[in-house]
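Here is how names work: the chains are called A, B, and so on, in the same order as the sequence lines, proteins then strands, and each is numbered from 1.
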Amino acid sequence: MNPVNPPAAAEGRAETVRQWRPSLVNLRPLLRRALFVVLLLVTLALIWEGLKWVGGNPWRPETNPLGIAHDPPLRLKVASDLNLPHLWDIAAAFGNPARRNGPPLGQILFDASLFTFREAVVGFFLGGLLGFFLGVLFAHVGLLEQGCMPYVVASQTIPILAIAPMVIIWLKAGWISVAVIAAYLTFFPVTINTLRGLRSPDPMAVELMHSYAASRWDTLWKLRVPAALPYIFTALKLSATASVVGAIIGELPSGIRDGLGGAILNFNSYYISGPSRLWAAVIASAFVGIGFYLLVTLVEVLVLRSRPLANGQGG
Amino acid sequence: METPVVALNGVNKIFNHGSPNQTVALKDIDLVVEPGAFISIIGPSGCGKSTLLRLVGDLIQPTTGEVQVKGKPARQARLNQDYGIVFQAPVLFEWRSILKNIQLPLELRGSSREERDRRARDLLGLVELTGFEKHYPWQLSGGMQQRASIARALAIRPELLLMDEPFGALDEMTRERMNMELHNIWRQTETTVLFVTHSIAEAVFLSTKIVVMSARPGEIMQIVDVDIPIPRGEKTRQETAYFEVEREVRGWLRRAEGYRA
């Protein structure tokens, strides 16, 4: 039987209830969304394994956790164990050593993820600052915008794979060079959205600042930048994932083998002997990208919490 | 004689001057506004009454003629922050609390934090928004937002308040209440007000003088004196003097509608 709470304890509880403050984010929609994500993942997994059930290689009871022996009625190339490894094989790959007597693959991928994440974060900040600076510059000097914008756009049409080796050779700076490559992918959306956001205030708001004889500097920091923040955060969320892609691609020609790019390159060459390792590396990359995205989203929610619709912008 | 708060001398405003589609918005405007007056500008839509207000605020410049505020060129007056302005929309910054919105002009002028806080709280009392310091604009009704924007305009204790159809977007009941409040604020602060409106009732209730303008090109047709005792209140709208002025203004407006230069 449960002991009856003494009055003091009951009071203590009341105290904690009173001290409880509503959290910044409403929890219920968040939970609903999490549930939705899980359901979606389960559905995807079912489709994945369903495809292998219909057209994969024969299921052997000793290799699958369900202990099922099954001979799929069809032989589809996409569903073969080489092209589409079983999910449990991919999961198991995290625990198995990548090479004989080495640490488990999960450990290697975790370290690689951190390494790549560092490059991505530094690139994100470099690119974000450059993008913001260019946006502010273009917003104030129309001539510069007209003159430079075509080159900024052109810079984004050059494949990153062509730029990356040059940057590596020019800078000779190891992982910093990779961060610069990540920044190259990052700055563009920030420039475009900063420019757009800085021009978003109501003309009356600009006139209001003018009526108070506000300097351009004051108008920038007290009106234009705050008004641009929702636009800038939209760009930063794009940039967060782009910077991870940039970091991974930047590692390829740089000879850096400590990051996810190196891991992907490595497991790519041994795909025939162990496809699940490459899949594991892909999953790790996705986690870094998603994690970074969520981090930026969290900062966005915190920064924009006082605005209307702030809760709706979480996605 | 005291220096007039506003003096317009032979002011013309032509938009797209010199191009084939040029528009004469204002023509030969002469206007003198004495200290402490409440002047309404009324006229058919598109007659340039807002343009007139924006000229006084140095938000646009006249094509010819001169605009003086407190005996200085309008530009100098703007740079000295000699006036406060209220637009048709409240134009509050959504990322600032009501208190911070009201403090904006004081921040730009470099007032100390204590000064800003004290002044903003006084103003919230004046516009009856005490208790809403920490609210954000979007949490307030349209009328309350406009009250906050009036408080912001008054923050720097301007001798001149420019108001461009400030209650145009409000419903009739709210508008009448706001008229009452504005009347009281005007009496308490002794500010000179230049008020653009298209509502005859509003103009008559609030003003000491009503400037009736003609349709484009905007010219001053008539300046109607409003001899209704101050302070005005609930009963003012039922007095004979009120109806007489209203009839007179309406008559001039009729002529203004039909009038073409």
Side-chain angles (χ1 to χ4, degrees), chain A residues 21-26 132 135-136 139 193-194 196-236 297 299-314, chain B residues 50 53-61 69 74-98 100-111 134-140 145 149 152-153 155-156 158 160-166 169:
Chain A
R21 287 189 182 85
S23 57
L24 293 169
V25 190
N26 198 349
F132 178 76
V136 170
N193 275 28
T194 301
R196 177 134 185 246
L198 292 176
R199 286 179 177 160
S200 70
D202 190 326
M204 272 197 279
V206 179
E207 270 193 341
L208 182 80
M209 294 302 278
H210 192 61
S211 84
Y212 291 125
S215 61
R216 281 182 131 192
W217 183 255
D218 275 337
T219 306
L220 176 68
W221 290 108
K222 291 191 194 293
L223 173 62
R224 292 192 187 276
V225 169
L229 278 181
Y231 295 82
I232 293 174
F233 269 109
T234 302
L236 289 181
T297 304
V299 175
E300 179 192 29
V301 169
L302 286 173
V303 171
L304 301 182
R305 67 181 178 278
S306 67
R307 313 246 181 145
L309 301 174
N311 290 332
Q313 290 173 338
Chain B
S50 290
L53 197 79
R54 290 154 57 81
L55 282 170
V56 175
D58 188 47
L59 299 174
I60 50 174
Q61 285 71 43
V69 175
R75 180 180 149 76
Q76 193 54 48
R78 178 176 64 79
L79 294 177
N80 292 0
Q81 299 191 340
D82 279 336
Y83 72 86
I85 190 164
V86 178
F87 297 99
Q88 179 164 10
V91 208
L92 299 168
F93 295 178
E94 62 174 21
W95 51 88
R96 282 173 170 251
S97 66
I98 293 300
K100 291 272 177 203
N101 262 292
I102 293 174
Q103 290 176 348
L104 176 73
L106 299 169
E107 264 177 52
L108 292 169
R109 164 181 276 209
S111 311
K134 294 214 165 80
H135 283 63
Y136 285 89
W138 47 276
Q139 296 172 311
L140 267 55
Q145 289 185 22
S149 100
R152 179 182 57 195
I156 50 175
L160 174 64
L161 187 57
L162 303 178
M163 304 185 90
D164 189 1
E165 297 190 31

Novice: Let me know if B:L162 has heavy atoms under 4.5 Å from chain A in its side chain, its backbone, both or neither.
Specialist: neither
Novice: Could you state the interatomic distance from CZ (A:R307) to CH2 (B:W138), rounded to the nearest 0.5 Å?
Specialist: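 Nearest 0.5 Å value for the CZ-CH2 distance: 11.0 Å.
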Novice: Let's go through A:E207 and B:V91 carefully: what are the C-alpha distance in whole Å and the side-chain angles of both, what is the deciding distance for side-chain contact (heavy atoms from CB on, under 4.5 Å) to 0.1 Å, and is it a yes or a no?
Specialist: CA-CA 10 Å; A:E207 270 193 341; B:V91 208; over 6 Å; no
Novice: Only pairs of heavy atoms separated by less than 4.5 Å count here; which of A:A227, A:A213, A:P226 has the most with chain B?
Specialist: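 Of the candidates given, the most pairs with chain B belong to A:P226.
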Novice: Distance check, rounded to the nearest 0.5 Å: A:S306 atom OG versus B:E94 atom CD?
Specialist: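 Interatomic distance, A:S306 OG to B:E94 CD, rounded to 0.5 Å: 8.0 Å.
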Novice: The test is side-chain contact (heavy atoms from CB on, under 4.5 Å); show your working for A:Y212 and B:I156 and say whether it passes.
Specialist: CA-CA 10 Å; A:Y212 291 125; B:I156 50 175; 4.1 Å; yes
Novice: Taking everything shown except A:R196 itself, do over 12 heavy atoms lie less than 6.0 Å from its CZ?
Specialist: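 Counting other residues, nucleotides and ligands, CZ of A:R196 stays at 12 neighbours or fewer.
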Novice: Counting only heavy atoms closer than 4.5 Å, note whether A:L223 contacts chain B via side chain, backbone, both or neither.
Specialist: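 Contact with chain B: backbone and side chain both.
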Novice: If you count heavy-atom pairs under 4.5 Å between each of B:P137, B:S97, B:A153, B:P105 and chain A, which one has the most?
Specialist: B:P105
Novice: Quick one: what part of B:R152 sits under 4.5 Å from any heavy atom of chain A, side chain, backbone, both or neither?
Specialist: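 For B:R152, the contact with chain A is made by backbone and side chain together.
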Novice: Rounded to the nearest 0.5 Å, what separates atom CG in A:D202 from atom CZ in B:F87?
Specialist: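 Output value for this atom pair is 9.0 Å.
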Novice: What pairs with B:D58 under salt bridge (Lys or Arg N to Asp or Glu O under 4.0 Å), at least two apart in sequence or on another chain?
Specialist: B:R78
Novice: Apply side chain to side chain contact (heavy atoms under 4.5 Å, CB included) to A:V225 and list each qualifying residue two or more places apart in sequence or on a separate chain.
Specialist: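 Listed in chain order: A:F132, A:L198, A:L220, A:W221.
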Novice: For B:L104, is it the side chain, the backbone, both or neither that has a heavy atom under 4.5 Å from a heavy atom of chain A?
Specialist: side chain
Novice: Before giving the answer on side-chain contact (heavy atoms from CB on, under 4.5 Å), spell out for B:L108 and A:M209 the whole-Å C-alpha distance, their side-chain angles and the decisive distance to 0.1 Å.
Specialist: CA-CA 9 Å; B:L108 292 169; A:M209 294 302 278; 4.0 Å; yes
